[in-house]
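These notes concern the structure reproduced below.
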Amino acid sequence: MVVVQFVFRNSTMGSQIFKNPKSKIAIPILLLFGVVALCCGVFTIGSVILPAPSPTATIIPTSTSTSTPTETNTPTSTITPTPTITQTPTETHTPTITPPPTIAFTPTISPTPTVTLPSTSLNCVPQNTKRETGIVTRVIDGDTIDVRIGNQTFRVRYIGIDTPERGDLYFYQSTEANRRLVEGKKVILVKDVSEVDRYERLLRYVFVGDVFVNHELIRQGYAYAYTYPPDVACTDIFVAAQQAARELEHGFWKPTPTYAPPAVVLPPAGGGSGNCHPSYPDVCIAPPPPDLDCKDIPFRRFRVLSPDPHRFDGDFDGIGCESN
């Protein structure tokens, strides 16, 4: 139909051209134009009637080249495992490594509250001063001992009492009384004011179980009440215990029995030693037996030589029976 319209229009146009003698030159051009138009019309009719196998040519690579969307791999989106790398919160184990609360054993390590004085202790003993426990390793005399505290040994002097010194009367008795109370036993040591005396001995009140040793030695009559400031917390109680021991004649407060001295035969003038022992050259004292003590003889402060069978020279200074 298009061809017919085209031919009709062209035929009309041709009739006009043929009437114009000046346009004879355009006739060949119009013929050529008609042939081209006829070919185009035939080609168009053929494309409509015949099945066109040329769809294969319509592969239009442009559509295949649209595979670029497959390049939308955009690794950046898949590489975003960074959120999974956020494991740092899982490394917050530090709160579980807080064992210090379990190390708080210090309340149980403080043994000072357990060093409690016996219920029978006297009220004079200070309640807020230093206290220690130890084992008595040696008894020195009636008022001095050695105590092992931990891994160290200290010499301890009893506060508020005094006992006879070596060589004095009743030294042995007071030392033995102290030994019976404390030797090898666990003691509690309580400080008053002073830490040590001038000899670097610890100054302490001493307890063995329920026994207040300082007070007990005075009560038994084997120690004197002795006041030496500033450690005077128990002075009044010690003085009262001494007064009671004196009245009850305990220990060395007991009257000393008098013994009739054995007959002493003086050497005759001009020589002869009779029955006198040569250890006592200035006096005449018979050799043992019996064994004599100073209280059994009337002599005092006499010269003593070895071997001193009666042991009159207790401090080995060569003088016998020095005290009255």
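No experiment lies behind these values; they were computed from the predicted model shown.
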Between the side chain of [X] and the main-chain N/O of [Y], is any donor-acceptor distance below 3.5 Å?
{"X": "D231", "Y": "D192", "answer": "no"}
{"X": "D168", "Y": "F171", "answer": "no"}
{"X": "R300", "Y": "I297", "answer": "yes"}
{"X": "H250", "Y": "R219", "answer": "yes"}
{"X": "D146", "Y": "R138", "answer": "no"}
{"X": "H277", "Y": "A286", "answer": "no"}
{"X": "Q242", "Y": "A225", "answer": "yes"}
{"X": "D308", "Y": "L305", "answer": "no"}
{"X": "D141", "Y": "T144", "answer": "yes"}

Residue pair [X] / [Y], side-chain heavy-atom distance below 4.5 Å:
{"X": "E249", "Y": "P255", "value": "yes"}
{"X": "F312", "Y": "C294", "value": "yes"}
{"X": "T137", "Y": "T153", "value": "yes"}
{"X": "P309", "Y": "P288", "value": "yes"}
{"X": "C124", "Y": "D236", "value": "no"}
{"X": "R204", "Y": "E195", "value": "yes"}
{"X": "C234", "Y": "I159", "value": "no"}
{"X": "D291", "Y": "H310", "value": "yes"}

About how many Å separate [atom2] of [Y] and [atom1] of [X], when rounded to the nearest 0.5 Å?
{"X": "I161", "Y": "L217", "atom1": "CD1", "atom2": "CG", "result": "5.0 Å"}
{"X": "L292", "Y": "K295", "atom1": "CG", "atom2": "NZ", "result": "9.5 Å"}
{"X": "Q243", "Y": "R246", "atom1": "CD", "atom2": "CZ", "result": "6.5 Å"}
{"X": "Q220", "Y": "Q173", "atom1": "CD", "atom2": "CD", "result": "12.5 Å"}
{"X": "L202", "Y": "R155", "atom1": "CG", "atom2": "CZ", "result": "11.0 Å"}

Side chains of [X] and [Y]: do they bring a donor and an acceptor to under 3.5 Å?
{"X": "T175", "Y": "N178", "answer": "no"}
{"X": "D143", "Y": "T163", "answer": "yes"}
{"X": "Y228", "Y": "D197", "answer": "no"}

Give the intermediate values and the outcome of side chain to side chain contact (heavy atoms under 4.5 Å, CB included) for residues F302 and C321.
CA-CA 7 Å; F302 52 88; C321 298; 3.9 Å; yes
Salt bridge or not for [X] and [Y], using N-O below 4.0 Å?
{"X": "K191", "Y": "E132", "answer": "no"}
{"X": "R303", "Y": "D282", "answer": "yes"}
{"X": "R157", "Y": "E200", "answer": "no"}

Please determine whether residues [X] and [Y] belong to a single hydrophobic cluster, defined as Ile, Leu, Val, Met, Phe, Trp and Tyr linked transitively by side-chain heavy-atom distances below 4.5 Å.
{"X": "Y205", "Y": "V211", "answer": "yes"}
{"X": "I285", "Y": "I319", "answer": "no"}
{"X": "I135", "Y": "V147", "answer": "no"}
{"X": "V139", "Y": "V208", "answer": "yes"}
{"X": "V213", "Y": "V232", "answer": "no"}

In V187, L189, V156, the residue satisfying side-chain contact (heavy atoms from CB on, under 4.5 Å) with I149 is L189
Scanning both residues in full, the closest heavy-atom pair of S279 with P307 reads OG-CD, 3.2 Å
In chain order, what residues pass the salt bridge (Lys or Arg N to Asp or Glu O under 4.0 Å) check against R148, with sequence neighbours excluded?
none
Validation row, ring centre F252 to ring centre Y224 under 6.0 Å
yes
Y170 and Y222 aromatic centres sub-6.0 Å:
no
Residue K185 excluded, over 12 heavy atoms near NZ under 6.0 Å:
yes
Atom CZ of R201 with >12 non-hydrogen neighbours under 6.0 angstrom:
yes
Which of these passes ring pair (Phe, Tyr, Trp, His ring centres under 6.0 Å) with F238: Y226, Y158, F212?
F212
